[in-house]
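Every chain is numbered from 1, with letters handed out A, B, ... down the list of sequences. Quick caveat, the model's predicted, so the values are computed rather than measured.
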Protein chains: 2
Amino acid sequence: MTDQKVLTAPHPLGQEELRQSIELLFFAYRDFTAEADAILAEYGFGRAHHRVIYFVGRHAGITVSDLLDILRITKQSLGRVLGQLVLDGFIVQRPGLRDRRQRLLELTEKGAALERRLTGRQADSIARACAEAGPHAVDGFRSVLLGLVHDGDRVRFTRRPERNGGE
Amino acid sequence: MTDQKVLTAPHPLGQEELRQSIELLFFAYRDFTAEADAILAEYGFGRAHHRVIYFVGRHAGITVSDLLDILRITKQSLGRVLGQLVLDGFIVQRPGLRDRRQRLLELTEKGAALERRLTGRQADSIARACAEAGPHAVDGFRSVLLGLVHDGDRVRFTRRPERNGGE
DNA sequence: CAAAGCATGTCAACATGACTGACCAAAAAG
DNA sequence: CTTTTTGGTCAGTCATGTTGACATGCTTTG
């Protein structure tokens with residue numbers, strides 16, 4: 001019969017290839033996040049808690065405002081999950097020195113342990129997928145994803161993400 | 001032989017690369033879905049409606065059960081959004097002939113128009129990102145994503161997705 | 001300095017879209 | 001013909017997003 005290997009894109013990408021890419025993104029994200037969700041459920045947490053733990057771990061001392069810029073949710077939504085994480089001892093807040101309104105966020109050791117567990121699991125998933133696809137595929141994977149990220153956030157991937165000045 | 005770093009990869013992807021990949025997936029998915037969300041908001045719909053419209057468009061005559069297998073949500077969750085879409089005239093249900101309990105789902109012309117609008121917008125996003133990254137990157141993008149998809153669903157991308165036998 | 005305005009974060013009320021449990025109807029199994 | 005399985009629905013709850021009103025503290029200005 002005719003072809004059945006649909007996974008090679010000859011040219012500027014036809015309708016079918018684009019549809020498959022849309023679906024791949026949906027299925028991949030669904031399954032990728034399901035891994036961590038299972039762990040989070042043990043703690044009574046959801047995906048929102050995961051995102052907070054991850055980015056606080058990544059940027060120790062981050063302010064609530066900066067976290068909001070990353071997550072693109074409202075202060076109120078963040079406030080709820082953040083409050084739970086603080087109550088449960090996964091995150092500590094300390095007031096900013098330069099600006100006492102701020103609550104600079106940090107993981108506790110307990111929080112850092114959970115973060116390592118979650119990130120480790122997800123890193124394993126990606127590492128396995130990358131290994132299967134070959135090291136060469138990884139560059140393509142990353143550059144297409146980067147093209148999907150809105151301009152304002154691309155800088156996160158082109159320079160060092162660490163920059164915790166003042167406090 | 002027998003060393004541990006012999007497994008062919010030039011660099012097995014370090015911690016930092018893996019973290020960046022995790023974040024890329026988060027940011028790319030966030031921005032990718034935001035495009036369609038804006039359109040959906042005009043109709044008073046959410047992301048759940050989008051997924052239903054998309055997969056019903058993709059598999060005309062699909063049953064509720066098969067749709068549930070794709071979406072991995074509960075019948076009850078699907079029922080609500082599906083009910084709205086039927087009420088608003090975006091989807092029609094017709095009873096199965098072989099099994100009268102089934103409600104085979106199809107888009108109306110109105111539903112198909114919305115589906116084209118949503119998919120077109122998302123296809124443009126991906127096409128642009130792929131064009132920027134180069135046609136070569138696209139293969140890598142797709143094969144890594146495919147590696148993240150759980151086994152049971154990979155078959156959707158290796159053979160023709162159409163197969164509406166019975167009715 | 002005091003008042004105005006802006007920035008940071010909180011509280012209250014609400015909407016969406018997941019979930020579980022109880023249920024009905026039709027088909028399949030005995 | 002009963003019982004079990006399958007396909008789908010109704011009611012209620014939970015998680016997590018939203019907007020609006022607000023307290024506090026920094027900054028700017030008369």
ask   = Given side chains that start at C-beta, do those of B/Y43 and B/D88 come closer than 4.5 Å, heavy atoms only?
value =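 They are not in side-chain contact.
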note = Of A/R72 and A/R100, the one whose nearest nucleotide on DNA chain D sits closer to the 5' end is A/R72
Integer-rounded Å distance: [N] [atom2] and [X] [atom1]:
| X | N | atom1 | atom2 | value |
| --- | --- | --- | --- | --- |
| A/H50 | D/dG17 | NE2 | P | 14 Å |
| B/K75 | D/dA11 | NZ | P | 16 Å |
| A/L97 | C/dT8 | CG | C1' | 16 Å |
| B/H49 | C/dA15 | NE2 | P | 15 Å |
| A/I73 | C/dT16 | CD1 | P | 18 Å |
| B/R94 | D/dG8 | CZ | C1' | 17 Å |

query = Mind checking whether B/H50 and B/Y54 have parallel, tilted or perpendicular rings, split at 30° and 60°?
reply =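 Rings of B/H50 and B/Y54: perpendicular, as their planes differ by over 60°.
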Nucleotide of C/dC19, D/dG25, D/dG8 approaching B/T74 most closely (side-chain heavy atoms) =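 Given the options C/dC19, D/dG25, D/dG8, the side chain of B/T74 is closest to C/dC19.
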Base C/dA27 paired with B/R101 side chain (donor-acceptor, <3.5 Å) =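 No, the side chain and the base share no sub-3.5 Å donor-acceptor pair.
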key: Distance-only donor-acceptor test (3.5 Å): side chain A/Q76, base D/dG20   =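 Yes.
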With a non-hydrogen cut-off below 4.0 angstrom, is [X] in contact with a base, only sugar-phosphate, or nothing?
| X | answer |
| --- | --- |
| A/R47 | sugar-phosphate |
| A/S65 | sugar-phosphate |
| A/R80 | base |
| B/G79 | nothing |

query = Taking atom types as modelled, is there a side-chain donor on A/Q102 or A/T63 under 3.5 Å from an acceptor on the other?
reply = no
task = State whether A/R51 places a side-chain N or O below 4.0 Å from either non-bridging phosphate oxygen (OP1 or OP2) of D/dG17.
result = yes
query = Salt bridge or not for A/R116 and A/E109, using N-O below 4.0 Å?
reply =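 Yes, charged N to carboxylate O under 4.0 Å.
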